[in-house]
Amino acid sequence: MVKYKALYKAMYDDLKDSEMMICYADEIRENKEDAALADAIAKYAQYRLNHFMEFHKLFENEASKEPQVNAESVAYCMWDTTHEMMMEWYGSIKQKIEKF
């Protein structure tokens, strides 16, 4: 389970940091003199969002190796719930970055 914990934590941190950075970039961009800095921070937000997808693929790959589980299993419920939550969060952050 350590591998899932590590991958989940990395994905969560990527989303959290990406969202935080794009929010900072939006605020910083309000001052026209800091537009270049805002762009650099927005690029970092995009990098973290891309990194999330890399680890998401790793997570899916590892999960696919597990024996088939039924709907009552903790692993299945955890995956279904966290996957849905993270993908919605990913979409929200992606929209903010694209809007930037």
Side-chain angles (χ1 to χ4, degrees):
M1 289 310 276
V2 172
K3 65 183 176 182
Y4 294 116
K5 183 177 180 179
L7 290 169
Y8 173 81
K9 180 70 172 138
M11 290 187 307
Y12 181 87
D13 287 349
D14 281 339
L15 290 174
K16 180 181 61 145
D17 289 348
S18 179
E19 184 174 44
M20 179 177 57
M21 288 295 121
I22 195 61
C23 289
Y24 285 146
D26 269 338
E27 286 185 46
I28 292 168
R29 188 172 64 168
E30 290 175 10
N31 182 354
K32 301 293 184 205
E33 296 171 2
D34 292 331
L37 177 60
D39 288 345
I41 293 171
K43 285 180 186 175
Y44 180 65
Q46 181 64 55
Y47 167 78
R48 290 299 296 263
L49 198 63
N50 292 342
H51 189 263
F52 164 82
M53 288 307 293
E54 290 175 27
F55 270 53
H56 180 266
K57 288 176 188 173
L58 290 173
F59 195 106
E60 283 187 316
N61 185 46
E62 290 301 317
S64 71
K65 295 177 187 176
E66 293 293 324
Q68 194 65 9
V69 293
N70 63 34
E72 299 301 316
S73 77
V74 174
Y76 180 82
C77 293
M78 184 193 100
W79 167 246
D80 191 41
T81 300
T82 58
H83 181 258
E84 182 179 329
M85 181 270 305
M86 285 188 164
M87 294 312 295
E88 287 175 6
W89 195 7
Y90 171 87
S92 172
I93 297 167
K94 187 174 181 181
Q95 285 180 337
K96 289 177 182 178
I97 290 172
E98 289 171 352
K99 185 179 175 183
F100 180 83

Rounded to the nearest 0.5 Å, what's the gap from CG on D14 to NE2 on H56? Could you check?
12.0 Å
Does atom CD of E98 have more than 12 heavy-atom neighbours from other groups under 6.0 Å away?
yes
Can a salt bridge be assigned to the pair E62 and K65 using a cut-off of 4.0 Å between side-chain N and carboxylate O?
yes
Counting neighbours of CZ on F100 that are heavy atoms of other residues, nucleotides or ligands and sit closer than 6.0 Å, is the number greater than 12?
yes
Here the pair of heavy atoms bringing F52 nearest to Y90 is CD2-CD1, 3.4 Å
When rounded to the nearest 0.5 Å, the distance separating CG of L58 from CG of L7 is 6.0 Å
With a 4.5 Å cut-off on side-chain heavy atoms, are E19 and R48 touching?
no
When rounded to the nearest 0.5 Å, the distance separating CD1 of I93 from NZ of K16 is 11.0 Å
Between A45 and S18, what is the shortest heavy-atom contact and its length?
O-OG, 2.8 Å
Determine, step by step, whether N50 and Q46 satisfy the side-chain hydrogen bond (donor to acceptor under 3.5 Å, both in side chains) criterion, reporting the C-alpha distance in whole Å, the side-chain angles of both residues, the deciding distance to 0.1 Å, and the verdict.
CA-CA 6 Å; N50 292 342; Q46 181 64 55; 2.8 Å; yes
State the CZ-CG distance between F55 and N61, to the nearest 0.5 angstrom.
13.0 Å
Hey, does I97 have a side-chain heavy atom less than 4.5 Å from the side chain of K94?
no
Output the distance between atom CZ (F59) and atom OG1 (T82), rounded to the nearest 0.5 Å.
5.5 Å
So if I apply the side-chain contact (heavy atoms from CB on, under 4.5 Å) rule between E88 and each of E84, M86, M85, which one comes out positive?
E84
Cluster check L49, M87: I/L/V/M/F/W/Y, side chain < 4.5 angstrom:
yes
Any I22 side-chain heavy atom under 4.5 Å of I41 side chain
no
Decide yes or no on side chain to side chain contact (heavy atoms under 4.5 Å, CB included) for M21 and Y24, but give the supporting numbers first.
CA-CA 5 Å; M21 288 295 121; Y24 285 146; 3.6 Å; yes
Should M53 and Y44 be regarded as members of a common hydrophobic cluster, given that ILVMFWY residues are connected when their side-chain heavy atoms come within less than 4.5 Å of each other, either directly or indirectly?
no
Would you mind checking if D39 and K43 are paired as a salt bridge, meaning a charged N to carboxylate O distance below 4.0 Å?
no
